[in-house]
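Naming convention: chains lettered A, B, ... in sequence-line order (proteins, then strands); numbering from 1 in each chain.
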Amino acid sequence: MSVDLSYYLILAAVLFTIGLIGLLVRRNVLVMLMCVELMLNASNLTFVAFASKLKDVGGQADVFFVLVVAAAEVVVGLAIIVSIYRKRLGATADDLSSLKG
Amino acid sequence: MMLLSATYPDSITFVLCAIVVVGGGLGVVLSNNPVRAALNLVMTLFGVAVLFVELSADFLAVVQVIIYAGAIVVLFLFVIMLLGVDKQEKLGSEPLILQRVIAIVVGLAFLGMIIGYGWGNFNSHGSYSVIGVASGGDSGIVELAKATFSYYLLPFEVTSVLLIIAIIGAVVLIARSGPGEDEVKEDISAEIKTDGPKEGHENDVSVSEDKVDEVRSVDFTVGEEQIV
């Protein structure tokens, strides 16, 4: 018997929370994107854990699509960061305060 | 160290991977150097890959290592090096005073909510093997391929469209536009050609880096003018 499903779900929840807090706390946009990756990995872990528990490959197939979306998100996000950096010479969230009232 | 009905190797593997995953996640959040954060992210991704193997999703573990650790994190590191933001960052400075406290409280409340709600419902009663049977024998690659190319055919095609959109979007965002900027770029490349490599490759690299800085500063002023 393998490890119970509950432990995987708790681990995934903890990883998701770490990513969430990091996303809210950090000011560096690159690190914020990495925290989004942490959250996506937590959801992947949940998918695979349920796929193993329910003996269904649907969960594993979903992880594929999460991977593709994560890759697309990182490509576009990093492109936005690079173009912001060219204009403002800074890569933190505080440099993007043009719209503040 | 027995986690309920699990055997010793499974339990030990899970505990070690959990430590690696959580430690790597905390490293991403707490490290003040972006390069170090990216390497901690690699550690977390490897831990998750081992957990995929433990859950008999071997192919996904390989894909995880190749795509995440091999492509996405390299892209992160590439951008970090390109922008030159790999310097220390003060974690103590926070313009909004209460923001950090509120963020941690909200995050922990989220964790408590999700675990507290699911405490009695962890062994959820989904129906078994709807898409296909994940057999333990051949690591389920055949079933995974069948599911991807039959049941998930339309989403699979849509992801290809999504990838093309992402590529075009990245090119549009990165590409320099405007006649003025192009002239500047040509001038500087002409200067680099006239300088030329005289004493080997190292000298050449340093010269071109100086020119890159010039390009950046020139772009900055041009952008400001456009805004004004």
Side-chain angles (χ1 to χ4, degrees), chain A residues 1-11 13-15 17-22 24-26 28 30-31 33-35 37-38 41 44-45 48-52 54-58 60-61 63-65 67-72 74-76 78-83 85-87 89 91 94, chain B residues 3-7 10-11 14 18 21-22 25-26 28-29 34 37 41 44 48 51-52 55-57 60 67 72 75 79-80 83 85 89 95 100 103-104 107 110-111 114-115 122 126 128-134 140 143-144 147-148 152 155 159 162-163 166 169-170 173-174 219-220 223:
Chain A
M1 279 294 289
S2 57
V3 180
D4 210 55
L5 174 68
S6 318
Y7 296 99
Y8 285 102
L9 294 183
I10 292 175
L11 176 63
V14 169
L15 185 60
T17 307
I18 290 173
L20 178 68
I21 293 178
L24 292 173
V25 165
R26 293 302 298 265
N28 191 331
L30 284 161
V31 181
L33 267 182
M34 290 181 206
C35 291
E37 295 303 316
L38 286 183
N41 263 280
N44 278 352
L45 190 57
V48 176
F50 269 111
S52 170
L54 298 176
K55 305 236 177 297
D56 192 337
V57 294
Q60 297 189 17
V63 173
F64 265 135
F65 300 117
L67 274 172
V68 173
V69 172
V74 165
V75 167
V76 176
L78 289 177
I80 291 173
I81 290 173
V82 169
S83 66
Y85 191 83
R86 279 182 184 162
K87 287 264 161 54
L89 290 180
D94 294 327
Chain B
L3 298 180
L4 292 184
S5 59
T7 57
D10 285 339
S11 303
F14 179 82
V21 166
V22 173
L26 288 175
V28 171
V29 176
L41 182 63
T44 300
V48 173
L51 286 176
F52 282 177
L55 287 166
S56 69
L60 283 182
I67 292 186
I72 293 183
L75 197 62
V79 170
I80 290 170
L83 296 183
V85 291
E89 178 189 354
R100 187 166 288 181
I104 292 173
F110 173 80
L111 180 64
I114 204 170
I115 289 182
F122 264 171
Y128 282 67
S129 307
V130 178
I131 310 298
V133 184
E143 285 78 12
L144 184 57
T148 305
Y152 287 102
T159 54
L162 175 73
L163 279 177
L173 281 169
I174 293 291
D219 273 353
F220 180 63

>> Show the nearest heavy-atom pair for residues A/C35 and B/V29, with the distance to one decimal.
In response: SG-CG2, 4.2 Å
> What residue in A/V69, A/L11, A/L20 has the most heavy-atom pairs under 4.5 Å with chain B?
Replying inline: A/L11
> What closest approach, in Å, do A/A13 and B/I114 show between heavy atoms, and which atom pair accounts for it?
Replying inline: CB-CG2, 3.8 Å
> If every non-hydrogen atom of A/V3 is compared with every non-hydrogen atom of B/F14, which pair is closest and at what distance?
Replying inline: CG2-CB, 3.7 Å
> A/V75, A/L38, A/V63: which one forms the most heavy-atom pairs within less than 4.5 Å of chain B?
Replying inline: A/L38
> Between B/I174 and A/R86, does a side-chain contact (heavy atoms from CB on, under 4.5 Å) hold up when you go through it step by step?
Replying inline: CA-CA 10 Å; B/I174 293 291; A/R86 279 182 184 162; 3.9 Å; yes
>> Minimum heavy-atom separation for B/A103 and A/V25, please, with both atom names.
In response: CB-CG2, 3.8 Å
>> To the nearest 0.5 Å, what is the distance between CD1 on A/I80 and CG on B/L173?
In response: 5.5 Å
>> Can you tell me which of B/L51, B/L111, B/L163 forms the most heavy-atom pairs within a distance under 4.5 Å of chain A?
In response: B/L111
>> Can you tell me which of B/A37, B/G169, B/A147 forms the most heavy-atom pairs within a distance under 4.5 Å of chain A?
In response: B/A37
> What heavy-atom pair brings B/V28 and A/R26 nearest, and what distance separates the two atoms?
Replying inline: O-NH1, 3.6 Å
> What part of A/L45 gets closer than 4.5 Å to chain B, counting heavy atoms only: side chain, backbone, both or neither?
Replying inline: both
>> I'd like to know which of A/N41, A/V82, A/L67, A/V76 tops the heavy-atom pair count under 4.5 Å against chain B.
In response: A/N41
> Where do B/T44 and A/L15 land on the side-chain contact (heavy atoms from CB on, under 4.5 Å) test, with the steps shown first?
Replying inline: CA-CA 9 Å; B/T44 300; A/L15 185 60; 4.1 Å; yes
> Which region of B/V21, side chain (C-beta onward) or backbone (N, CA, C, O), has a non-hydrogen atom less than 4.5 Å from a non-hydrogen atom of chain A, or is it both or neither?
Replying inline: both
> Could you give the distance from CD1 (B/I80) to CG (A/L78), rounded to the nearest 0.5 Å?
Replying inline: 8.5 Å
>> Give me the atom names and distance for the closest heavy-atom approach of A/I21 to B/G107.
In response: CG1-CA, 3.8 Å
>> Could you measure the distance from the CG atom of B/L41 to the CD atom of A/E37? Nearest 0.5 Å is fine.
In response: 6.5 Å
>> Below 4.5 Å, heavy-atom pairs only: which of B/L60, B/L75, B/T159, B/T148 has the largest tally toward chain A?
In response: B/L60
>> Less than 6.0 angstrom separating the ring centers of B/Y152 and A/F65, yes or no?
In response: yes
